[in-house]
Amino acid sequence: MIHLHHVSKHYGQHPALQDVTLAIGKGEFVWLTGPSGAGKTTLLRLLFGAERPTEGQIVIQGRNISKLSARQIPPLRRTMGLISHELTLLPQKTVFDNVALPLIVRGVGKRDIAQKVVVVMRATGIERHRDRQPGALSAGERQRVCIARAIVNDPLILLADEPTGALDTGLSLEIMALLRTIQIRGTTVL
Ligand code: ADP
Ligand code: MG
């Protein structure tokens, strides 16, 4: 599903990743750990096509993404869900609208959106918050909304950058359990 061959990423002279080779199979649940500055976010951004490697090859589902043109990046991203601190929820929109956003962007019809969003809100346990705004939710509930938004497109790969970073131990375990259920349904989770 994901192959990295001798991937390096430099920002100017600064090495963020050096000679990374790894393979992740379909449906795997992979933990990437390391101290702050180790390059975890950089690796996820490379996989998402937000950065290009300085050296090496990244192959996702048999496609060398280092060679994709700007036009080919959006279709690649549609096969992935991303949870990151930089992707915040829209504060003026309801939970429903936040989760629906990736579908609206894709031009999915209203009825299909309503159906899909309800299923995903149920799966992530946020159904009762559908008409509330993110500011009225707890940190754990907000993270569930971010996860719902990341999986509403049925991604093959879910990239979660420190998904439990801002949560206490109990909530972290809940979120990990939720990510597990997503993996069990067939999504590769990193
Ligand atoms: P982690 O997520 O593991 O904390 P990062 O991938 O964010 O680590 O960062 C890895 C290294 O790359 C760090 O030394 C960081 O300063 C550097 N870095 C990350 N992004 C940039 C950038 N846009 N420009 C310059 N240096 C960066
Ligand atoms: Mg990081």
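Only a predicted model underlies this, so the values are computations on that prediction, with no experimental measurement involved. Computation of the quantities below employed the complete heavy-atom set of this structure, encompassing side-chain atoms and omitting hydrogens, waters and symmetry-equivalent molecules. Indexing begins at 1, ligand by ligand and atom by atom, following the structure's order.
- Of all heavy-atom pairs between Gln61 and Leu156, the closest is NE2-CD1, 3.0 Å.
- The two atoms that bring Leu89 and Pro134 nearest to each other are CB-CG, 3.8 Å, heavy atoms only.
- At the shortest separation from atom 4 (O) of ligand 1 among protein heavy atoms lies Gly37 N, 2.7 Å.
- Not one N or O of Ala16 is nearer than 3.5 Å to an N or O of ligand 1, by distance alone.
- Taking distance alone, with nitrogen or oxygen atoms compared against 3.5 Å, Pro15 stays at or beyond that limit from ligand 1.
- Residue, atom and distance of the protein heavy atom nearest to atom 19 (C) of ligand 1 are Tyr11 CE1, 3.5 Å.
- Residues Ile157 and Met80 have side chains in contact (heavy-atom distance under 4.5 Å, counting atoms from C-beta outward).
- The shortest non-hydrogen separation linking Arg52 to Ser69 is NH2-C, 4.3 Å.
- Ser36 lies apart from the Mg ion (ligand 2) in this respect, since none of its N, O or S atoms is found at a distance under 2.8 Å.
- A tilted orientation is assigned to the rings of Trp31 and Phe29, their planes being inclined by 30° to 60°.
- Closest heavy-atom approach to atom 13 (C) of ligand 1 within the set His14, Arg45, Glu162, His10: this belongs to His14.
- Counting the atoms of ligand 1 from 1 in the order shown, those under 4.0 Å from a heavy atom of Pro35 are 3 (O).
- Shortest contact from atom 8 (O) of ligand 1 to any protein heavy atom: Gly39 N, 3.1 Å.
- Considering Thr54, Leu4, Leu43 as possible partners of Leu17, the one that fulfils the side chain to side chain contact (heavy atoms under 4.5 Å, CB included) test is Leu43.
- When only non-hydrogen protein atoms are considered, atom 7 (O) of ligand 1 lies nearest to Thr41 CB, 3.7 Å.
- Within a 6.0 Å radius of CZ in Arg63, other residues, nucleotides and ligands contribute 12 heavy atoms or fewer.
- Considering backbone and side-chain atoms alike, Thr42 places an N or O below 3.5 Å from some N or O of ligand 1.
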